[in-house]
Amino acid sequence: MQKEFLKKQTTSFQSKVYKVVSKIPKGKILTYKKVASLAGSPRAWRAVGNVLNKNRNPKIPCHRVIRSDGTIGGYNRGIKNKIALLKKEGVFIKT
DNA sequence: CGTATGACGTGCA
DNA sequence: GTGCACGCCATAC
């Protein structure tokens with residue numbers, strides 16, 4: 001299935017990320033790639049991480065966003081915190 | 001405008 | 001199986 005998602009808009013792509021991430025249900029997680037894809041730029045997962053890293057909104061469960069490998073990656077609030085949160089939600093993380 | 005950075009991903013040795 | 005390097009997009013300076 002080849003979809004022409006060549007419509008990358010250099011708008012506050014950050015807002016889209018926030019929206020997508022904030023839509024993540026409890027006990028569920030998304031990968032940076034998935035978030036970027038849902039944000040409209042499946043190739044901007046890099047920017048996703050960047051934006052989230054700088055972001056610090058309590059409404060953004062950034063801890064629910066992990067890498068494609070299943071690893072945490074990082075967390076501005078403390079990797080440990082992220083792991084604990086995900087574990088509490090029932091998400092298994094790769095040590 | 002150009003350069004540098006970043007919570008990444010994939011490929012190759 | 002592990003490690004290294006490159007590529008990608010967006011943002012900040």
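So you know, we letter chains A, B, ... as the sequences are listed, proteins then strands, and number each from 1. Only this structure's heavy atoms are used, side chains among them; waters, hydrogens and symmetry mates stay out.
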Residues in contact with DNA chain B, drawn from residues 26-39 of chain A - heavy-atom cutoff 4.0 Å: A:Tyr32, A:Lys33
Run the side chain to side chain contact (heavy atoms under 4.5 Å, CB included) test against A:Ser68 and tell me which residues pass, sequence neighbours left out. A:Thr31, A:Lys33
Considering only distance and modelled atom types, tabulate donor-acceptor pairs under 3.5 Å from the side chains of residues 84-92 of chain A, sequence neighbours left out.
{"unit_1": "A:Glu89", "atom_1": "OE1", "unit_2": "A:Gly27", "atom_2": "N", "d": "2.8"}
{"unit_1": "A:Glu89", "atom_1": "OE1", "unit_2": "A:Arg64", "atom_2": "NE", "d": "2.9"}
{"unit_1": "A:Glu89", "atom_1": "OE1", "unit_2": "A:Arg64", "atom_2": "NH2", "d": "3.3"}
{"unit_1": "A:Glu89", "atom_1": "OE2", "unit_2": "A:Arg64", "atom_2": "NH2", "d": "3.0"}

Nucleic acid contacts - residues 69-78 of chain A versus DNA chain C, non-hydrogen atoms under 4.0 Å: none
Looking at CD1 of A:Ile93 and CD1 of A:Ile72, how far apart are the two atoms once the value is rounded to the nearest 0.5 Å? 4.0 Å
Might you point out which heavy atoms bring A:Pro61 and A:Ser22 nearest each other, and give the distance in Å? CD-CA, 3.8 Å
For A:Val65, the rest of its hydrophobic cluster, which grows through side-chain links under 4.5 angstrom: A:Phe13, A:Val17, A:Tyr18, A:Val20, A:Val21, A:Ile24, A:Leu30, A:Tyr32, A:Val35, A:Leu38, A:Trp45, A:Val48, A:Val51, A:Leu52, A:Ile60
Using a heavy-atom cut-off of under 4.0 Å over every strand shown, decide if A:Ala47 touches base, sugar-phosphate, or nothing. base
Just grab all the side chain to side chain donor-acceptor pair (under 3.5 Å) pairs involving residues 48-58 of chain A, residues at least two apart or on different chains. none
Can you give me the N/O atom pairs linking the protein to nucleotides 3-7 of chain C at distances under 3.5 Å, or say none if there are none?
{"unit_1": "C:dG7", "atom_1": "O6", "unit_2": "A:Arg46", "atom_2": "NH2", "d": "2.4"}
{"unit_1": "C:dG7", "atom_1": "N1", "unit_2": "A:Arg46", "atom_2": "NH2", "d": "2.1"}

Near DNA chain C, counting only heavy atoms under 4.0 Å, which residues of residues 48-59 of chain A show up? A:Asn50, A:Lys54
Selection residues 73-86 of chain A - residue pairs positive for side chain to side chain donor-acceptor pair (under 3.5 Å), sequence neighbours left out: none
List the residues meeting salt bridge (charged side-chain N to carboxylate O under 4.0 Å, His left out) with A:Arg46, not counting sequence neighbours, and say none if there are none. none
What is the distance from atom CD1 of A:Ile66 to atom CD1 of A:Ile29, rounded to the nearest 0.5 Å? 3.0 Å
Considering only heavy atoms of chain A and a distance under 4.0 Å, specify the first and last nucleotide of DNA chain B in 5' to 3' order that meet this criterion. B:dT5 to B:dT10
